[in-house]
Student: 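Okay, here's the structure, questions in a sec.
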Amino acid sequence: MMFRKKMLVSLFAALAVLTVANITQAAQPAGFDDNEIRIGQWGPQTGPAAPWGSVARGSKLLFDIVNEEGGIHGRKIKYFIRDDMYNPAQTVAVVKELVERQGIFAFVGGVGSAPGMAVKDYLAANKIIWVSPSAADKEFTQPLNPYLFAVYPLYKDEASILAKYIVEKLKTKKIGILYQNDAYGKDGLEGAKERLATYKMSLVAEIPVEPTEKDFASQILRLKNSGAEAVLMYVSPTAAVITLKTAASVGFKPQWVSANTLSDYPLMFKITGGLWEGVITGAFGETPDSKSPLMVKYRDAAKRLTPQERWGTFYYAGILFADPIVEALKKVGRNLSTEALLKALNSIKDYQTIGPRITWTPKQHQGTDSVMIQKCGPGASYIMLQDWTTNDLATWKK
Amino acid sequence: MDYFKVEDLCISFGGLKAVNNVAFNVEKNSIFSIIGPNGSGKTTIFNMISGIYKPDLGRIVFAGENLVGLTPDRIARRGVARTFQNIELFSNATVMDNLLLGRHIHMKTGVFTGAFLWGRGSRAAREEIRNREIVEGIIDFLDLQSVRNHFVASLPYGKRKLVEVGRALAVEPKILLLDEPSAGMNTEEKQDLNIWIKDIQAECDVTILLIEHDMNMIMGISDRIFAINHGEKIMEGLPQEVQSHPEVIKAYLGEER
Amino acid sequence: MPFGQLLVEGLAIGACYGLFATAVVIIYKTSEVVNFAQGEMAMFSSFVAFHILAVYQYPFWLAFVIAMLFSILLGVLIEFLFLRPAKHPSLLGMIVITLGAEMFLMGLASWKWGAEQKFFSLPLDPSVTYEPVKGMIVTNWAIAVFAVASTIMLLLYVFFKYTRLGVAMRATQQNKHAAKIMGIRTERVFSIAWGFSSLIGAVAGMFFASRATLDPAFMMEPFLRAFAAAVLGGLMSIPGVIIGGGLMGLIENFFGYYWPSWKPIVAFIVIILVLCLRPSGLFAKHYVKKV
Amino acid sequence: MDMKRDYYEDIRLFNSGVVLFWTVALMLVLFTLPLYAPNYYVYLLNIIMVHIILAVGLNILVGSTGQISLGHAGFFAIGAYGTALLMAKLQIPFVVALLAAAFIAAFFGFILGLPALRLEGPYLAIASLGFGLTITHIIGGVDLFGGRMGVKVPPLDLGISQLGVSWVLKTDFQKYYLILIITILMVVGARNILKTRVGRSFVAIRDSDIAAEVIGVNLTIYKTLAFAVSAFYAGIAGGLFGFILGFFDPFTFNMILSIIFLVMVVVGGLGTVSGGIMGACLITYLQYDLLKNIGEVPYFGAFMVTISQLWFTTVGLENFSSMAIGLIMIGIIIFEPLGMFGIWIRMKKYWMTWPF
């Protein structure tokens with residue numbers, strides 16, 4: 001009897017506190033002060049998605065360069081990387097830890113669709129700017145999220161551009177697709193279908209693979225049997241390696257075409273044992289050996305500051321993702337505030353560093369839909385097939 | 001007359017006839033002992049009665065109902081409880097819990113009523129208290145007060161045997177199967193056990209089937225004795241008849257040459 | 001349907017699963033421990049081979065031999081350091097220890113070699129293929145898998161049947177205490193079993209690595225499948241495991257040809273169904289406790 | 001002298017004034033915590049409490065009944081998806097949806113329990129593991145469940161939208177109290193189950209299934225019941241977990257999570273409620289906080305960074321977390337099979353007999 005009473009009392013107490021808690025909300029530490037601006041990023045440093053962790057480390061290089069040059073208007077950038085293991089629960093935890101314990105002004109990059117989806121509303125609710133998620137998900141920018149600015153071209157746009165290239169330049173009639181059964185792969189599938197529909201064509205094979213699978217023999221045989229002459233690959237690097245090796249072993253030699261996810265030729269060339277030669281990919285950053293002044297500058301800085309890192313696509317994608325926010329911060333000047341930065345970001349127009357041209361307006365936060373098309377040449381060299389191309393079918397622009 | 005009877009019981013394991021055509025009748029409230037050398041099929045008979053093995057042939061009839069084919073828990077619900085030759089206690093539970101488990105079939109608390117054990121007045125608590133009283137009675141009876149809250153694994157062998165008897169008693173059985181209850185006990189404990197078995201029979205209104213090697217004990221307390229060797233009946237009768245039966249002596253002492 | 005090709009591919013990957021599952025079974029047969037670290041042990045040994053090839057530039061055969069020696073050492077060490085000190089471990093305790101070893105090795109490998117995929121290849125040219133029957137292309141890889149798997153099977157059969165050590169290992173599995181009394185040094189038997197199993201696992205691991213990429217997580221999926229194949233075969237019999245592995249490869253490939261999106265789980269569903277009918281797998285007798 | 005015993009003593013929640021005092025003190029701290037703890041810790045506590053519910057439930061299965069499960073992330077996923085989808089698609093009120101999802105999870109637990117009747121050890125391990133994989137795969141493959149793209153969780157509305165009553169919990173603070181109350185109810189419930197007939201039967205099955213049968217415990221019913229109860233707990237935990245995250249996809253519930261759950265139970269202590277609680281607290285804290293930024297821990301972090309630079313890759317330093325948890329798992333089994341609960345008991349003994 002006593003116990004029941006106690007339970008009731010504590011229940012009531014709890015309800016009372018529940019309503020009180022509605023009012024009290026601890027103040028968060030500010031994201032910047034006179035000496036530093038705190039910027040954060042999450043990324044999988046461990047677990048199955050860890051190869052993409054280099055994005056977060058790449059951004060660090062840019063901030064190190066900026067700090068070396070004296071910071072931005074007297075403020076240094078303090079940069080935090082947190083490992084989220086590509087697990088949304090962990091992402092939320094690390095983002096909250098950064099925001100509420102360290103005080104973060106803005107986030108850049110951040111690998112993964114699901115991790116990003118898990119934190120995007122939280123960030124917006126706390127008025128924390130997030131620039132360049134390292135994933136292409138249309139839900140990041142549609143409907144408009146005032147605090148989120150995207151650079152990454154949508155997979156759907158890229159697939160559409162690639163499909164156009166296959167049909168018009170390669171003159172291939174039979175196109176198949178091997179796609180990872182998730183947002184990434186399905187967007188690619190959708191884009192390719194949409195483009196082919198304009199030519200009154202359809203895919204000869206649509207074969208899904210699961211993200212963790214390691215044996216693709218039956219899928220490749222399906223593709224082979226469909227008679228596909230060109231195959232779009234929307235899969236992870238490991239899956240692409242297995243695909244190429246399996247295809248070689250069953251004597252299937254189509255033109256492989258893939259998304260920018262696989263545009264790291266030196267890596268792909270090496271881990272496929274040379275089979276990557278001849279593969280056409282989309283790309284949304286300059287080639288690693290590019291002679292453009294910015295690339296040279298970044299490459300030299302990387303050699304000096306982080307000699308242990310490989311100068312790969314994902315690594316300098318991290319720089320590319322962080323460029324716009326540095327630019328915007330410079331524009332804002334000494335009088336920093338969230339509103340000021342938002343204004344600066346919203347007015348970025350045709351801004352290009354080592355990636356595509358980016359334009360953000362107060363109404364449109366998907367910065368670009370441009371990709372290049374490149375081909376892997378002998379010895380993992382880059383052969384430019386088509387310079388920056390936009391997708392004329394992109395629906396989000398209208 | 002036919003309170004508990006076994007008819008034409010047969011079972012074989014991989015071609016070996018472990019029990020062959022065994023039949024006996026047990027009168028209500030009597031102590032019926034089964035004797036025989038090791039490996040003669042005594043425990044196998046118990047296993048068949050309690051449903052652990054399914055006989056190939058034969059019937060086990062209790063109060064007019066055939067027990068063959070029922071699962072062990074059903075048989076327990078019919079009022080058959082047992083102990084094991086090599087002690088099968090719940091060793092990571094206390095003596096109290098072991099005995100309370102014996103009350104399992106007399107309790108009703110399910111997951112939900114159990115989870116809502118909110119205070120003394122709740123249904124689960126009332127049932128618990130009621131059954132604990134009964135178990136305390138058994139603890140008093142078997143003199144287990146000192147180890148009431150000990151874990152079974154920490155008890156000496158003899159005490160564990162007793163706890164097992166206690167658990168079987170907690171089931172409030174009509175038929176109690178005791179498989180070598182005195183094995184491993186010293187003389188003093190054996191004497192106590194002797195008295196307890198007598199008391200159990202007298203107080204609990206229970207029919208006891210007993211497997212035992214200690215002839216003194218058997219002769220002292222059995223109402224009837226059933227002797228078995230190589231899975232087959234040698235004879236059945238009163239203690240003094242069995243004692244002098246040549247086949248039994250042969251089975252125990254071997255062939256005289 | 002390219003029946004012949006699916007058959008070849010299914011059997012080839014199946015043989016690889018079977019080979020790896022043998023490693024699981026050897027440990028289970030001697031010590032009744034399900035080794036969840038098996039995959040990561042193979043991963044680690046493959047990385048050692050990779051390291052020797054990539055950093056020291058030794059010839060392949062030498063790297064292979066060193067990696068094999070290392071794998072034996074690794075197996076023995078894990079048994080000695082992690083399992084032997086546990087006093088009265090329950091089955092669950094054993095599983096937890098091996099899971100712990102798995103996480104440890106995975107962390108260590110990712111720390112040492114990073115998460116990026118590595119290239120690892122056996123000296124088998126993937127472009128050399130044979131087509132003995134029309135529509136059945138066989139690669140060097142598949143031939144090597146078949147050859148290695150059958151050689152190891154044969155050796156194991158002879159080993160368990162005719163050598164003193166093999167008989168001792170079997171005896172240990174059946175009754176540890178009796179074996180001890182008979183003068184078998186059961187602890188040494190466990191060490192040897194772990195070493196053996198680690199070796200076979202490493203060979204299979206290298207086959208898997210050369211088919212895909214080498215990264216710290218690359219053995220997780222193959223391990224699950226091999227473990228499932230071992231369970232399908234009964235966890236106790238080595239021929240059963242090979243058949244289990246083969247079935248696994250065939251089911252996955254034939255089913256996956258028509259329903260690719262369900263390919264990764266079909267094998268598990270089949271295994272659960274098989275276990276419902278035969279609780280100890282296809283080729284092992286169900287064990288009933290005696291009272 | 002009054003020798004009459006009160007049998008309720010054994011089963012009541014607070015069997016001494018000391019326990020009562022500490023429980024009340026703990027409750028006070030827990031209920032006022034958000035007033036002075038930073039928000040981030042409130043989130044962490046929410047996750048910890050959800051893991052407590054799950055670990056306590058899993059402990060009923062693994063610790064008390066002795067059945068192994070490597071597929072609990074599957075039940076966790078069923079709870080999360082069930083609650084979110086029932087609320088989003090069918091506008092079912094939160095409490096009903098949570099319970100319904102938990103019962104769906106319990107039903108699947110029952111289904112998994114059926115093969116488990118005949119399986120033991122490694123066979124059960126692979127069957128449950130396969131179950132976990134299958135569940136997440138099905139969720140990922142069916143668009144109704146959001147596919148691999150994941151599901152956005154509706155707002156946590158305690159009211160009933162059909163009646164126009166709405167009480168939306170938005171902040172982690174508010175969710176904290178809801179989860180705290182549910183956690184307390186679930187933990188006390190588990191403790192009660194284990195103290196009464198059903199829990200005793202579970203323990204009986206673990207220690208000797210044959211003896212359990214001959215005293216009248218129906219193995220079929222109780223083994224599947226253990227799975228169902230444990231899945232119910234996982235379902236409740238999953239339902240709440242979804243609201244803490246706000247968004248999840250099938251990968252959230254991968255096999256590693258199942259292993260981590262098992263680790264919580266083993267590290268905490270098998271077969272005791274407090275073991276589950278302690279394990280969930282420790283492992284979650286290690287995983288989410290302490291081991292997260294090993295490079296930033298004073299002294300030790302710098303040491304680790306140096307080691308990394310000398311012999312390893314700096315980029316892989318984060319993997320130390322996985323190594324540490326692996327070693328903890330092994331260490332616990334080797335040195336303290338009873339887990340943290342065992343350590344606790346030893347400490348208590350030491351304290352009570354100190355200084356003798």
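Small disclaimer: the values here were computed from a predicted structure and weren't measured. Chain letters run A, B, ... following the sequence lines, proteins first, then strands; residues in each count from 1. All values below were derived from every heavy atom in this structure, side-chain atoms included, with hydrogens, water molecules and symmetry-related copies excluded.
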Student: Do any of residues 40-49 of chain D come closer than 4.5 Å to chain A, heavy atom to heavy atom, and if so which ones, in number order?
Tutor: D:Tyr40, D:Tyr41, D:Tyr43
Student: Tell me, side chain or backbone of A:Lys186 under 4.5 Å from chain D's heavy atoms, or both, or neither?
Tutor: side chain
Student: How would you list, in number order, the residues of residues 85-97 of chain A that have a heavy atom less than 4.5 Å from chain D?
Tutor: A:Met85, A:Tyr86, A:Asn87, A:Pro88, A:Ala89, A:Gln90, A:Val92, A:Ala93, A:Val94, A:Lys96, A:Glu97
Student: Return the option, out of D:Leu180, D:Asp172, D:Val153, D:Leu257, with the maximum number of heavy-atom pairs under 4.5 Å with chain A.
Tutor: D:Asp172
Student: Is the distance between the ring centroids of D:Phe94 and D:Phe243 less than 6.0 Å?
Tutor: yes
Student: Less than 4.5 Å to any heavy atom of chain D: does that hold for the side chain of A:Glu139, its backbone, both, or neither?
Tutor: neither
Student: For A:Thr261, what residues pass the side-chain hydrogen bond (donor to acceptor under 3.5 Å, both in side chains) criterion, not counting sequence neighbours?
Tutor: A:Tyr184
Student: With sequence neighbours excluded, what pairs up with A:Pro51 under the side chain to side chain contact (heavy atoms under 4.5 Å, CB included) test?
Tutor: C:Ala115, C:Gln117
Student: Any chance the side chains of A:Tyr179 and A:Glu206 put a donor and an acceptor closer than 3.5 Å?
Tutor: no
Student: Just by distance, with hydrogens left out, do D:Asp157 and D:Ser166 show a side-chain donor and acceptor under 3.5 Å apart?
Tutor: yes
Student: What distance do A:Gln41 atom CD and A:Phe80 atom CZ have between them, rounded to the nearest 0.5 Å?
Tutor: 13.5 Å
Student: Which region of A:Pro211, side chain (C-beta onward) or backbone (N, CA, C, O), has a non-hydrogen atom less than 4.5 Å from a non-hydrogen atom of chain D, or is it both or neither?
Tutor: side chain
Student: Go through the atoms of D:Asn254 and report whether side chain, backbone, both or neither lie under 4.5 Å from a heavy atom of chain A.
Tutor: neither
Student: Do you know which two heavy atoms are closest between A:Ala135 and A:Tyr155, and how far apart they sit?
Tutor: CA-OH, 4.3 Å
Student: Can you tell me which portion of A:Gln180 sits under 4.5 Å from chain D's heavy atoms? Options are side chain, backbone, both or neither.
Tutor: neither
Student: Less than 4.5 Å to any heavy atom of chain A: does that hold for the side chain of D:Lys170, its backbone, both, or neither?
Tutor: neither
Student: Write down the atom of A:Asp83, the atom of A:Gln45, and the distance for their closest heavy-atom approach.
Tutor: OD1-N, 2.8 Å
Student: Under 4.0 Å between a side-chain nitrogen and a carboxylate oxygen: does that hold for A:Asp137 and A:Lys120?
Tutor: no
Student: For D:Phe261 versus D:Leu54, what's the shortest heavy-atom pair and its separation?
Tutor: CG-CD2, 3.3 Å
Student: Between A:Leu305 and A:Lys60, is a side chain to side chain contact (heavy atoms under 4.5 Å, CB included) present by the stated rule, with each step listed?
Tutor: CA-CA 10 Å; A:Leu305 296 170; A:Lys60 184 175 191 306; over 6 Å; no
Student: Minimum heavy-atom separation for D:Gly79 and D:Thr83, please, with both atom names.
Tutor: O-OG1, 2.7 Å
Student: Is A:Asp121 close to chain D through its backbone or its side chain, or both, or neither, when contacts mean heavy atoms under 4.5 Å?
Tutor: side chain
Student: Between D:Thr252 and D:Asp249, is there a donor-acceptor pair closer than 3.5 Å when you use the side chain of the first and the backbone of the second?
Tutor: yes
